[in-house]
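Report on the structure given below.
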2 protein chains.
Amino acid sequence: MKRTPPSCPMEALLRLITGPWTIYILWVLSEHGPQRFGALKRAVPGISTRVMTERLRMLERAGVVWRKQAQTIPPAVTYGLTPRGTELRSVLDSLGAIAHRWQAEGAFKDAGMAAE
Amino acid sequence: MKRTPPSCPMEALLRLITGPWTIYILWVLSEHGPQRFGALKRAVPGISTRVMTERLRMLERAGVVWRKQAQTIPPAVTYGLTPRGTELRSVLDSLGAIAHRWQAEGAFKDAGMAAE
DNA sequence: TTCGTTGGTTACTTTTAAGTGCCTACTATT
DNA sequence: AATAGTAGGCACTTAAAAGTAACCAACGAA
């Protein structure tokens, strides 16, 4: 995927929240509160460790989630939503409302990607 | 990209509006009104015919854009936003506002994808 | 008569992201 | 003493999306 011309800051935001699991992770964090890595992974069934780590790092760099590492001996790392993450969630909620309505209207029933 | 578990209707919507050029196309259509294929392609510099066609078809199947083909001899096909497209735009606008603010705050300055 | 325009389609190639499995280091448990 | 759990890192493989390019059909213009 070549880079889209960077005129639109939306692109950066969409690249941030897009990707198979990102919304899921944010949703779990906002519904169930801060979680440790393992619990988060268990709450998002099917995700690989690799992608989970990558997504969390990405969201952390953007200031959407925080990461708190306890230096205990089995290391305990907890993730949660920052204020920015909460702010994002409110918009995602309204986007979700549209998504829900469109699904009820059948907008997605045959609107998959071209090459699946 | 394996399919994300389909529990979340957001996934379908995000898969619809995601992809390098989709938002651009919607933005051009909403800013400059209905456009013919060629004009649209010229307004989104760098996009390939293939991807432009695929995106328009996808958006059309979801009822976000309409397509009107005049059976003239050089065929003239015009695309525009449906009411559903306009509805989507309002949410994208607020998402865009967040994106703009975050950019000003520097949220994206080092928050690229992992493997770029 | 051949070229260019319009709106694509199709095939081939490349790029990129995601999946999978194996590794750590230390400790508590069995 | 061997094993499982914790939070990943690293390398290798695979699958999907995007890019590239060639082609089409019909007609008007040069």
Side-chain angles (χ1 to χ4, degrees), chain A residues 1-5 11 14-25 29 34-61 65-80 111-116, chain B residues 1-5 11-12 14-25 28-29 34-61 65-80 111-116:
Chain A
M1 184 196 297
K2 290 253 185 71
R3 192 190 306 267
T4 307
E11 282 292 335
L14 284 171
R15 278 221 305 280
L16 182 73
I17 65 178
T18 294
W21 308 99
T22 315
I23 298 294
Y24 246 74
I25 298 171
L29 285 179
Q35 304 274 316
R36 291 184 49 186
F37 187 91
L40 205 49
K41 186 156 151 30
R42 262 170 264 126
V44 183
I47 197 173
S48 67
T49 307
R50 187 189 170 309
V51 170
M52 177 64 90
T53 304
E54 180 193 320
R55 291 294 191 275
L56 288 172
R57 294 268 192 273
M58 187 175 68
L59 294 170
E60 189 199 357
R61 277 200 306 272
V65 306
W66 48 261
R67 182 190 129 105
K68 190 166 55 183
Q69 179 164 15
Q71 280 299 351
T72 57
I73 278 311
V77 181
T78 308
Y79 294 92
M113 304 303 259
E116 273 196 333
Chain B
M1 184 196 295
K2 290 254 184 70
R3 194 189 305 267
T4 307
E11 282 291 336
L14 283 171
R15 278 222 303 279
L16 182 73
I17 65 179
T18 293
W21 308 99
T22 316
I23 298 293
Y24 246 75
I25 297 170
V28 168
L29 286 178
Q35 303 274 316
R36 291 183 49 186
F37 186 92
L40 205 49
K41 187 156 151 26
R42 261 169 265 128
V44 183
I47 196 174
S48 68
T49 307
R50 189 188 169 307
V51 172
M52 177 64 89
T53 304
E54 181 194 316
R55 291 295 192 274
L56 287 172
R57 294 267 192 274
M58 188 177 67
L59 294 170
E60 189 197 358
R61 278 200 305 274
V65 305
W66 48 260
R67 182 190 128 107
K68 191 167 55 181
Q69 177 164 16
Q71 280 300 349
T72 56
I73 278 310
V77 181
T78 308
Y79 295 91
M113 306 300 261
E116 272 195 333

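When reading the values below, keep in mind they use all heavy atoms of this one structure, side chains included, and skip hydrogens, waters and symmetry mates.
Here the straight-line distance linking atom CD of B/Glu54 with atom OG1 of B/Thr49 works out to 12.5 Å at 0.5 Å rounding. Here CE of B/Met52 is found 12.0 Å from CZ of B/Arg57. Values are rounded to the nearest 0.5 Å. Here the straight-line distance linking atom CZ of A/Arg61 with atom CG of A/Leu56 works out to 11.0 Å at 0.5 Å rounding.
Inter-residue side-chain proximity for A/Thr22 and A/Thr18 is flagged as unmet; no heavy-atom pair is nearer than 4.5 Å.
Across all non-hydrogen atoms, the minimal contact from B/Ile47 to B/Lys41 is O-NZ, 3.3 Å. In plain terms, the two heavy atoms of B/Val28 and B/Ala43 that are nearest each other are CG1-CB, 3.8 Å.
Atom pair A/Glu54:CD and C/dT20:P shows a separation of 15 Å (rounding to whole Å applied). To the nearest angstrom, P of D/dT20 lies 15 Å from CE of B/Met52. Note: CD1 (A/Ile47) to P (C/dA17) measures 16 Å, nearest angstrom. Rounding to whole angstrom units, CG of residue B/Leu40 and C1' of C/dG8 are separated by 14 Å. Atom CZ of A/Arg50 and atom C1' of D/dC10 are 10 Å apart (whole Å).
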Seminar exercise, completed: For nucleotides 1-9 of chain D, 5' to 3', base contacts (B), sugar-phosphate-only contacts (S) and non-contacts (-) with protein non-hydrogen atoms under 4.0 Å give -----BSBS
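For C/dG19, one of the phosphate oxygens OP1 or OP2 lies less than 4.0 angstrom from a side-chain nitrogen or oxygen of A/Trp21.
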